[in-house]
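The structure appears below as structure tokens.
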2 protein chains.
Amino acid sequence: MPASPLQRTNLKKLAQELNLSISTVSRALNDSYEIAADTKERVKQKAQELGYEPNPYASGLRSRKSKTIGLVIPEVANNFFSLAIDGVEEIARANDYHVLIYLTHESHEREATIIQHLAGGRVDGILMSVASESPDASHLATLVESNVPLVFFDRVGEGIATARVTTDDYASGYRATEHLVEQGCRRVAYLLISDTLSIGQKRMEGYRAALQAHGLPADAALIVPGTLDRDQNTRRIRELLEQDPAIDGIFASVETLAISSYEACQQLGRRVPEEVKIISFSNLATAAYLNPPLTTIRQPAYEMGKKAAEILFRAISRNRPVLPTQSAELQSTLVVRRSTGG
Amino acid sequence: MPASPLQRTNLKKLAQELNLSISTVSRALNDSYEIAADTKERVKQKAQELGYEPNPYASGLRSRKSKTIGLVIPEVANNFFSLAIDGVEEIARANDYHVLIYLTHESHEREATIIQHLAGGRVDGILMSVASESPDASHLATLVESNVPLVFFDRVGEGIATARVTTDDYASGYRATEHLVEQGCRRVAYLLISDTLSIGQKRMEGYRAALQAHGLPADAALIVPGTLDRDQNTRRIRELLEQDPAIDGIFASVETLAISSYEACQQLGRRVPEEVKIISFSNLATAAYLNPPLTTIRQPAYEMGKKAAEILFRAISRNRPVLPTQSAELQSTLVVRRSTGG
DNA sequence: TTTATTTACGGAAACGTTTTCGAAAAAAAC
DNA sequence: GTTTTTTTCGAAAACGTTTCCGTAAATAAA
């Protein structure tokens, strides 16, 4: 028995049915001015009827437009990135674009191979937040060479001339530290993600400046880099608190380190906020229901995703490179809760 | 000045450089048995040297393989789906596949148009968790007609003959309810996501069965459907608790409803767990640090994503349809914490 | 040595679009 | 009534792969 070929309707079939040429049908569907209004109508009608869906690979090949952007982020199990994805997807949908998602898991190697693939023309543009393990941005140079528009958000690659959507990290770091000091802290530890990430550096600069402004010493021993392993982070923080019992404030530059701090304090029996006050960069939806409720610096993650996507699409639609001057800096907000309370 | 054409290296250019034909170069790169070992080596060497990256749209068009799967989920700002994405991405990468992500935001209409597009051949297969607003699965029929492999995970579409990766929802619903009853609850409310979702139904069946088994009445007034708006959910729960003060247990079938329950109890000054005990399906990483720590039914989200992807890739690689018999049911685990404590 | 088979490659068609070029018919200008 | 312009469409060439088919040389079988 001859299995029905199940021929997906394409332009050829559509043209035959309509007694028109392929080119006419194509133009009609693309609303070309060269096609008579009634013909357009007839074509669209038939296309609808036969459930025609253009082959994205054929049109991508011919038109050199993939209608797709790449979203490269370290992880997804993180409220900041989840919200950012939401914003990106929103704008992508509005522009009739598709979103390819890639997770680096903070690995430089993964990031490099992903970028390598994306430079091959699979996407019309890229949004990314660089991996903490990436020592520099040299692996992103091929993108620039390939003319693939790129916009950074939150975690930027230094030395790449393109737009970046960030938050006021220095100011936020300053404000967070100052808040701890104002609440009575005299010895504040700073937990950072990675040495190489610029946002960690900027937040730390704010931290240092705030300490200095309030006449407190900036002790290098108070600065603890985190790892990818939560248990290990908890252990490090615990050791820190044990070795330096005078520590009465913790400034976590990233969400997971705040959780580890809670764990460490719980294990050591240190009361929060009475003995140790904790503040963290975080977009946790449940921050208000933690025990105690966590004071956070909340980044406008959703808006950052939207903004970054908007900048990218402006470049794509105008067929222009993304310029550093199009960068945007959004403001984080300090949400005071009991973890830094009196 | 003549701007350098910046010709991306393709097979043609590669063939010219090597004094070989296009077909030979293509076959060499694809490790065809027809090509001599030393030629392969020479070709690959040159490809590496010129940074050749095959055009995905050309090869997708010709080979009818997109090397891409579609992931269709309701939202991403949800720990369950975040973890599932992680699992999916892991397997996709292992199979050298790309992942297109689509968010339905629980909208049936969005879901339908997404599916419509995906049926056009953009992806080799689809993983999805259906939107709560989808009344039935009729919009998924086109996929089956188009022969696009589909695997459901967690939220399934009834009536579609394909594999599904779920958890033991009935048993979990039963266990959760029984746990509340054993902890002394006599009047347990059930908060569900949506009327149409099968998982909500199954969990509710377990809930009903457990009540009956323990000689408790199943009052329809105890069953409250949620909405997409968190504040509205909180209000409804608050009204429920006010109108029926005898309620001493809440079973939330989804994470956000647990948060709303916390909010409602806090607003009403009801103590958890003394006056009201709360249990919830949830994958919150911070469940243990909530106030009070939340007793959860934790689904193996990461594993579900992995499993669903594995089933899909088996079908794709063997070029066979996905069969319902390949479905898998994983087990959720009850994690008892203080929100249901004595 | 002659014939059959295998090895290693090239030519060209095909995938389904978009787009360039051309051209007939209709409308407008003269 | 002729010429010019506009309107509307068709033929065919791309886009960069994969793959079918053919074929020369090299090897094996006779």
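It should be emphasised that the depicted structure is a prediction, and the values quoted were computed from it without experimental measurement. Residue numbering restarts at 1 for every chain, and letters A, B, ... go by the order of the sequence lines. Hydrogens, waters and symmetry mates are skipped; everything else that's a heavy atom, side chains included, is used.
- The main-chain N or O of Ser59(A) is found under 3.5 Å from a side-chain atom of Ser63(A) such that the two form a donor-acceptor pair.
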Item to complete: Assign a letter to each nucleotide of nucleotides 22-28 of chain C from its 5' end: B, base within under 4.0 Å of a protein heavy atom; S, sugar-phosphate only; -, no contact.
Response: -------
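- Contacts of Ser23(B) classified as side-chain contact (heavy atoms from CB on, under 4.5 Å), with partners at least two apart in sequence or in another chain: Ser21(B), Arg27(B).
- In the region residues 49-62 of chain B, proximity to DNA chain C at under 4.0 angstrom, judged on heavy atoms, holds for Leu61(B), Arg62(B).
- Legend: residues meeting side-chain contact (heavy atoms from CB on, under 4.5 Å) with Ala315(B), ordered by chain and number and at least two apart, are Val322(B).
- For the pair Ile316(A)/Ile69(A), a side-chain contact is recorded, criterion being any heavy-atom separation below 4.5 Å from C-beta on.
- For the helix from dT1(C)-dA30(D) to dC30(C)-dG1(D), the axis fitted to the five pairs at one end and the axis fitted to the five pairs at the other end meet at an angle of 40° (nearest 10 degrees).
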For residues 152-166 of chain A, which side-chain N or O atoms pair as donor and acceptor with protein atoms under 3.5 Å away, sequence neighbours left out?
from	atom 1	to	atom 2	distance (Å)
Asp154(A)	OD1	Gln299(A)	NE2	2.9
Arg155(A)	NH1	Glu106(A)	OE1	2.8
Arg155(A)	NH1	Glu106(A)	OE2	3.3
Arg155(A)	NH1	Val130(A)	O	3.0
Arg155(A)	NH2	Glu106(A)	OE2	2.9
Thr162(A)	OG1	Leu150(A)	O	2.3

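- Residue Tyr33(A) contributes atom OH, which lies 11 Å from atom C1' of dT8(D) at whole-angstrom precision.
- Sorted by first then second residue, the ring-ring contact (aromatic ring centres under 6.0 Å, His included) pairs that include residues 90-110 of chain B, not counting sequence neighbours, are His98(A)-Tyr102(B), Tyr102(A)-His98(B), Tyr97(B)-Phe313(B), His108(B)-His139(B).
- Qualifying side-chain contact (heavy atoms from CB on, under 4.5 Å) partners for Leu50(B), counting only residues two or more places apart in sequence or in other chains: Thr9(B), Leu14(B), Glu17(B), Lys46(B).
- OP1 and OP2 of dT17(C) both lie 4.0 Å or more from every side-chain N or O belonging to Asn10(A).
- Within 4.0 Å (heavy atoms only), Leu11(B) reaches at least one base atom of the nucleic acid.
- Computed from coordinates, the Ile22(B) CD1 to dC21(D) P distance equals 20 Å when rounded to whole Å.
- Distance Lys40(A) NZ to dC9(D) P: 10 Å, rounded to the nearest Å.
- Atom pair Ile35(B):CD1 and dT19(D):P shows a separation of 13 Å (rounding to whole Å applied).
- Qualifying side-chain contact (heavy atoms from CB on, under 4.5 Å) partners for Ala58(B), counting only residues two or more places apart in sequence or in other chains: Leu61(A), Asn55(B).
- Listed by first then second residue, pairs satisfying ring-ring contact (aromatic ring centres under 6.0 Å, His included) with a partner in residues 28-71 of chain A read Tyr57(A)-Tyr57(B), not counting sequence neighbours.
- Rounded to an integer number of Å, the gap from Asp38(B) CG to dA8(C) P is 9 Å.
- For dT18(D), the OP1/OP2 oxygens have no side-chain nitrogen or oxygen of Arg64(B) closer than 4.0 Å.
- Distance CG (Leu18(A)) to C1' (dC9(D)): 14 Å, rounded to an integer number of Å.
- Every pair tested for salt bridge (charged side-chain N to carboxylate O under 4.0 Å, His left out) that includes a residue from residues 120-137 of chain B fails, sequence neighbours excluded, so the list is empty.
- The side chain of Ser63(A) places no N or O atom within less than 4.0 Å of a non-bridging phosphate oxygen (OP1 or OP2) of dT18(C).
- Dashed line: the shortest gap from a side-chain N or O of Thr24(B) to OP1 or OP2 of dC9(C) is not under 4.0 Å.
- When the C1' atom of dC9(C) is taken as reference, atom CZ of Arg42(B) falls 12 Å away, rounded to whole Å.
- Between Arg122(A) atom CZ and dT17(D) atom P the separation is 13 Å, expressed in whole Å.
- Surrounding CD of Glu34(B) are more than 12 heavy atoms belonging to other residues, nucleotides or ligands, all under 6.0 Å away.
- For Thr39(B), a side-chain nitrogen or oxygen approaches OP1 or OP2 of dC9(C) to under 4.0 Å.
- For the salt bridge (charged side-chain N to carboxylate O under 4.0 Å, His left out) test, residues two or more places apart in sequence or in another chain that qualify with Lys44(A) are Asp31(A).
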